[in-house]
Each structure stands twice: as C-alpha cells, then as structure tokens.
Amino acid sequence: MTSLGSIVIGGQYYRPPNPPRSDWERDLQLMANSGMNTVKLWACWSWMNPERDRFDFEDLDALTEIAGRVGLKVVLNLILEDAPYWLEENHPEARYCDADGHDVQLGAAMNTPGGGWPGLCFDNAAVAEASFVFLEAVVARYKDRPALLAWDVWNEPHLEPASYFPDRIYCYCAASISRFRHWLQLRHKTVDTLNARWARRFSAWSQVHPPRLFEAVPDMMDWREFWFENLRAWLDARVARIKALGAAQPVMTHVALSGFTGQMATHTLDEWTLAPAVDGFGTSSFPTWLMNDDPVEHLMSLDTARAAAAGKPFWQTELQGGRGRRNGAASTQHPRPEVLTLEMWNAFGAGARGVLFWQWRPELLGPESPGYGLCAADGSPTARTRAAADFASMAKRAPELSRSTPAPPAIGLIVSRRTAIHAFATDRSMDIYRRSVMGAYRLLIDADLPVEFVHEDEIERLDLPSHFRALYYPMPTVISDTLAARLAEWVHAGGRLLSEAAPGAYDERGWHRPEGTPAIFRRLFGAQSVETDAVTGEITFTIGRSRLKGSWIRESIKLAGASAIGCFEDEEVAATSHQFGSGEAILIGTCPSVAYDSTRDPSTRAAMASFFPSRRPGLAQWADPAPGLMVRPHVLPNGAELAFALNWSDRPQLLEIGAPVEFHDIVGSRVLTPHTRWEMPPLSGALLTTS
C-alpha cells in the first residue's frame, strides 16, 4: 500500500464546474512551482454519471494527466453526496426526510454548485447499489495511475442535509426507520427490554418508531446512537468496496470539524466512530470564516482528529485559503498571510502529516464565490499563495517534519458522546456541553499544558495509555457503570482524576440515578452528591488562596472520607480530595470549564493548572508564558526531541533555549545555543530540532 508518511502540502482544485478548463495547465504548473506537491480533485457522482449507464471521465482524465506531468500527486475525493437526477426520479422515496415528514429534493447548494445535493439516503438499497456502480467505475479507471496518492472516500461524513438545516433532525425515510427498528431488536432483544429502557408500554415492534420530539430522552439517545453506527456502516461499505477492487492507495476520510465543537447531535458526527474505518484521517478548518481566528478552537479540531486517528496519519485536509462565503454583512475577510502561515504551524505542531488548502483558486459559482482561494479569481498568485509557498520551502529544509509525532502528554481530557446527546435531548442543544469541553481544553492550552483527548468509548474498551498521569473530566454528567469502574481502577493504580460536578448523575440510558452518585464513585471520591442547583452566570469559590469561577451547576456535597480543599462563598464545600489506593480523586462542585469558556479568568486557569503535571522545559520555553504562547513537544522514532514554538500574540516574544537546537522558520534555518533568548515575531511559528 502507498504510504501516507511523507509531508503533503497542496490544495483542492477541481469541483465541477470550476475552474475553467482553459486554465488547468497553467494553474497546476503554478501550484507545482509554488512548492505544492499534492492536488485534490472531486469525482462527483451527479456530474460524472448523468445517465444510468453513462460515465464522463473526460475532466478527471485530463486533470490527472496534467498533475502527473507537472509533478503533483493526486487525491481523488469520491463525492456520493450529489446523487444523479435519474436516480432520484426513479426512487423519490430515497430522499432524505426530516422529523416533520419533509423530504429534500436534489438541487445545487453552497458546497455542490454542480447540483445533486444532498444526495439520497444510503439506507435505500437502490441508492447504495447505484453508488457502488459509480465508485467501482472510478476506482477501476484511476487505481493504476502513477500520480494517484490516496482516495478520500467521503468528504466530511455526516447526515448531509443537517449542514443546511441544522434545526431539523434526519433521516426519517421508510428505509431508515425500518433499519432503526431492526437495530433496536438486535440491541435490546425484546420489546419488554425496550419498554424498560424507554419507559413505554409497547406490545409489538411494529409500534416502535424513532422519536420526532425533543425531551424523549432514552429514545433520542438510541436514535442518535443508531445513526453514529449507521454512518460508520456506510463508510465501512465504501472502504471495503475500494479495497476489494485491488486499489493499492490508502483510503481516507475527513470530518468537517470536531463533533464536540457543537454539531455532534444534529450532524451525527463523532470522529472516534469514523477514524477506525480508514487508513488515514483528516479534518477541515476555516479559522477566519468560522472560528474568528481563534488558534485554540483551530487546535481543538486538530487534536481531536489526531486522537481519533489513534496513530494513523492524519491531515489538515481542508484549510481556509481565502475569504469566507458570501453572507451579507457577516461575510469574512481573507486570512492574513501571517495568520495563514501560523495555521500551517498549528497543523504540523498538532501532528498532521499534510495540509491541503480549500482551495487553490476561488469558486466562480454559488455563495462560495469568489471565496476560499489561495489565488485570485483569475488564478494569479497572492500574498497568501506566497506565504504557503514559503512554508513549503521551509518544510523541505526540515525533513524531520515527516517523521516526528507529538510527545505523549501526561494529561488526558475525557470527552463523552453520551453527555453531548443527553444535553441535546433535554436542552434541544448540546451548547452547554460544547462550552464545557471547549473551556476545559482552552484552560489547559492557555496554560501551555500538552493534553490528549480520550473518548469514553476508548476507556470502556481499552486500558488507558500508560503516559497519562492525570485526567480532567469536564461535565461528567452521563457515565455508564463500566466507565465508572474503569476510572476507579485507574485512580486506584496511581492516577489523578479531576472531575467536575455531579459525576455519573445519569446512567447511560439517560435516567437520573436515584442515589445521585454511583456507589463506586462514592468510594472513589469519598463524597456523596446531595443535590445540584442551576447557576446563572458565574459562581465564585476558593481553593487555598485562589479564587476560581464556576458555572452551570452547583453541587451540594456530603463528605464520606474525602477532605474539603475548597468552599463556596457561603462556606459550603466546593472541592474535595480523596486518596484512593495509590491515586487521588478530586471533585469540583461546579463547572469551571464552562466559566472559563467565557471569562478566560487567569486565577481559575492558574489554580486548575496546578492540579496537573507541568510541562517539562525540554528544548525551549517562553520567558513570559501567557495565553497564545505554546511549545508543542514532538519526538522522532529514535527518541530525539523536537518542538514547535507558536507565538499567536500580537507582539514579539522571547523564547528561552534549553539545549543546542537548529531553529527553522520561514525566514531560514540557524543554530541556537543553550541559555540564550530568541525573539520570535508576532504571529509566527518555528520548528526546533536538536542540532
């Protein structure tokens, strides 16, 4: 199989009907001359299969030939989310359908100007069969092309209509309802078992339907869980079909963003369920358009993708190259060249093996025109093109980029799909959980503490990685008995667990436990939750001499062996510590993560960070640490250290050098000696390797 180990830098180029055919030769030559080594091309089902038995390969034939001739590797993105109109005409029952019974006819949309969006539901056998006929035709034609590097088998997998209708839930077509009912029978075996789970009085499986209303909690949790598994089954089928055809290239997919940033429930997107199906994984990021140039939110999407990839190569498969989509007064500007470069540093510092821009030149049709391109609308280079070229030149001077991986961190951050879906079912939004995860991650990153995401499914299925010395569990509302037992075992063996309020208040069905705190957690934390109360805004509490801010809930805690280490303003217990075996369990009776997401309170950050192992100085550290300054340690296969230094601040910052290093940035490479200070310009990054 072709390796994904080499560094990839390039861009998306072809999405029909753009760009103009007359420019292809010139554009791809300019891409190669700019230091890019890879181009991504869309193979669109609706565009290439306009009649049942007719395929049009003319465009991709020409583009792959030109790419190979100018020295660019090709990633083919197989787009099955734009179905051909002849298939819809023959099978209108296969349209995606929302909870109110409204189906979605095929048409042109922002991400599919050539039509056929949002495709048809693959739970319908006719759709799946026709899609595989197309997939097989494309794979058979291009699998032996020397320029072909990889297949991207699904562009941003999710329930496609949700990206346009985020206030609706999908899919309620007859085939999906039938498949859901079958899934329930396999999972719960009998109607009586389902009745006990959902609190219903069904007398036959034929009476069971997916929920169409919020606040039906257990059934909504099952309905969404079915869709996570169902989309994974769709992905598995695509991957298996490509491999069965003898394609030697690796098969990849990439998500639009982390599901934990807010779209998990509506889009049915959990990157941990998708990454195991493929050889390589990736994520899309549009930091100026969607993230307000927030480096921490950008890094979160990268770090979740890397964690989900679990050691497989991962890419920044889409990175914003130009202005955002046209959106009236909310339209966004082009990324500044120096910010674009620093976003590339973010990606490689997070462990990415590649960066592909969305896209090389702007779209000419639809609301994305004339957006997202590194080049101008006519294909001519811009300052952004030159910034990407400068980074590509630096990458050639630092071959270690293709071999290094992030050093295993001592801190794990637990994320929970069940808690996210529970929040969605009860609140009609998972926003409070999004704020919790984002706030916890931001707090650690602002303190320059390397952290690794760990999913609840992984903890239940596998032993926790040996490099973790501490775990942070933000908003631990929904916890299974299995997960609770695994965490208790880990602490007993010597780990430190810091949990926010009300751990395990709900079981995995979404039922609140009568006792509030699971029995094993009462032993683990040496404390019992009496009750919780809602918090409007922020609440202040103290730990030692530090004043911290919490939010969302306040827990009333009864000590049962633990020591109180903090209190609320009314002197009630706010934080506890309990020795459990060889480890320690710390309980905070509110959610500092939610508060930190909005306040960025430095006292909260410092006090919370003190519970976690500090970062070893290594090759370098900042002279005056502050949010926006990061050193991301890496290692080579032989154990040698590397580090990425990122200055996201708007002023020069001094970097203290702790060992002889070779310092690589877009200006050049130089050797720095220990015990010196190097001034890094505003919005700049660098790679430090041992000299």
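These numbers come from a predicted model, not from an experiment.
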Is it true that a side-chain atom of [X] and a backbone atom of [Y] form a donor plus acceptor pair closer than 3.5 Å?
{"X": "Gln320", "Y": "Thr288", "result": "yes"}
{"X": "Ser551", "Y": "Val594", "result": "no"}
{"X": "Arg522", "Y": "Gln528", "result": "no"}
{"X": "Tyr85", "Y": "Gly116", "result": "yes"}
{"X": "Glu271", "Y": "Gly259", "result": "yes"}

Subject >> CA sep, side-chain torsions, deciding dist, call: Arg417, Glu225, salt bridge (Lys or Arg N to Asp or Glu O under 4.0 Å) >> reply: CA-CA 9 Å; Arg417 180 175 66 243; Glu225 193 64 32; 2.8 Å; yes
**OP:** Run the numbers on Trp227 and Trp183 for ring pair (Phe, Tyr, Trp, His ring centres under 6.0 Å), then give the verdict.
**Re:** CA-CA 10 Å; Trp227 272 107; Trp183 180 86; over 10 Å; no
Residue pair [X] / [Y], side-chain donor-acceptor N/O under 3.5 Å:
{"X": "Trp234", "Y": "Asp123", "value": "yes"}
{"X": "Gln12", "Y": "Trp358", "value": "no"}
{"X": "Ser593", "Y": "Ser436", "value": "yes"}
{"X": "Glu297", "Y": "Tyr441", "value": "no"}

Original post:
Are Arg224 and Thr268 close enough, and set up right, to give a side chain to side chain donor-acceptor pair (under 3.5 Å), and what steps lead you there?
Top reply: CA-CA 7 Å; Arg224 294 292 84 186; Thr268 322; 3.1 Å; yes
More than 12 heavy atoms of other residues, nucleotides or ligands under 6.0 Å from [atom1] of [X]: is that the case?
{"X": "Asn292", "atom1": "CG", "answer": "no"}
{"X": "His182", "atom1": "NE2", "answer": "no"}
{"X": "Arg187", "atom1": "CZ", "answer": "yes"}

**OP:** Step through it carefully: locate the ring centre of Tyr372, locate the ring centre of Trp289, and say whether they are under 6.0 Å apart.
**Re:** yes
Original post:
Are Trp223 and Trp198 close enough that their ring centers fall under 6.0 Å?
Top reply: no
Original post:
Under the criterion side chain to side chain donor-acceptor pair (under 3.5 Å), which of Ser285, Ser301, Ser284 is the partner of Gln316?
Top reply: Ser285
Original post:
Among Val208, Asp219, Val191, Thr193, whose side-chain contact (heavy atoms from CB on, under 4.5 Å) with Leu184 holds?
Top reply: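 Among Val208, Asp219, Val191, Thr193, the one meeting side-chain contact (heavy atoms from CB on, under 4.5 Å) with Leu184 is Val208.
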Original post:
Mind checking what makes side chain to side chain contact (heavy atoms under 4.5 Å, CB included) contact with Pro276, not counting sequence neighbours?
Top reply: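 Checked Pro276 against side chain to side chain contact (heavy atoms under 4.5 Å, CB included); matches are Arg232.
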Original post:
Quick one: side chain to side chain contact (heavy atoms under 4.5 Å, CB included) partners of Ser480, sequence neighbours excluded?
Top reply: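 Ser480 satisfies side chain to side chain contact (heavy atoms under 4.5 Å, CB included) with Arg418, Glu460, Thr482, Leu483, Glu508 only.
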**OP:** Could you tell me how the ring of Phe260 sits relative to the ring of His455: parallel (under 30°), tilted (30 to 60°) or perpendicular (over 60°)?
**Re:** perpendicular
**OP:** Take Tyr164 and Trp117 through the test ring pair (Phe, Tyr, Trp, His ring centres under 6.0 Å) and record every step on the way to the result.
**Re:** CA-CA 10 Å; Tyr164 198 90; Trp117 186 88; 5.5 Å; yes
Original post:
Of the non-hydrogen atoms in Ser416 and Tyr433, which two are nearest, and what is the gap between them?
Top reply: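 Shortest heavy-atom separation between Ser416 and Tyr433 comes out as N-OH, 2.8 Å.
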Original post:
Any idea which heavy atoms bring Val278 and Lys312 closest together, and the distance?
Top reply: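 It is O-NZ, 2.6 Å.
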Original post:
Could you go step by step and tell me if Asp507 and Trp511 meet the side chain to side chain donor-acceptor pair (under 3.5 Å) rule?
Top reply: CA-CA 6 Å; Asp507 65 22; Trp511 290 61; 5.5 Å; no
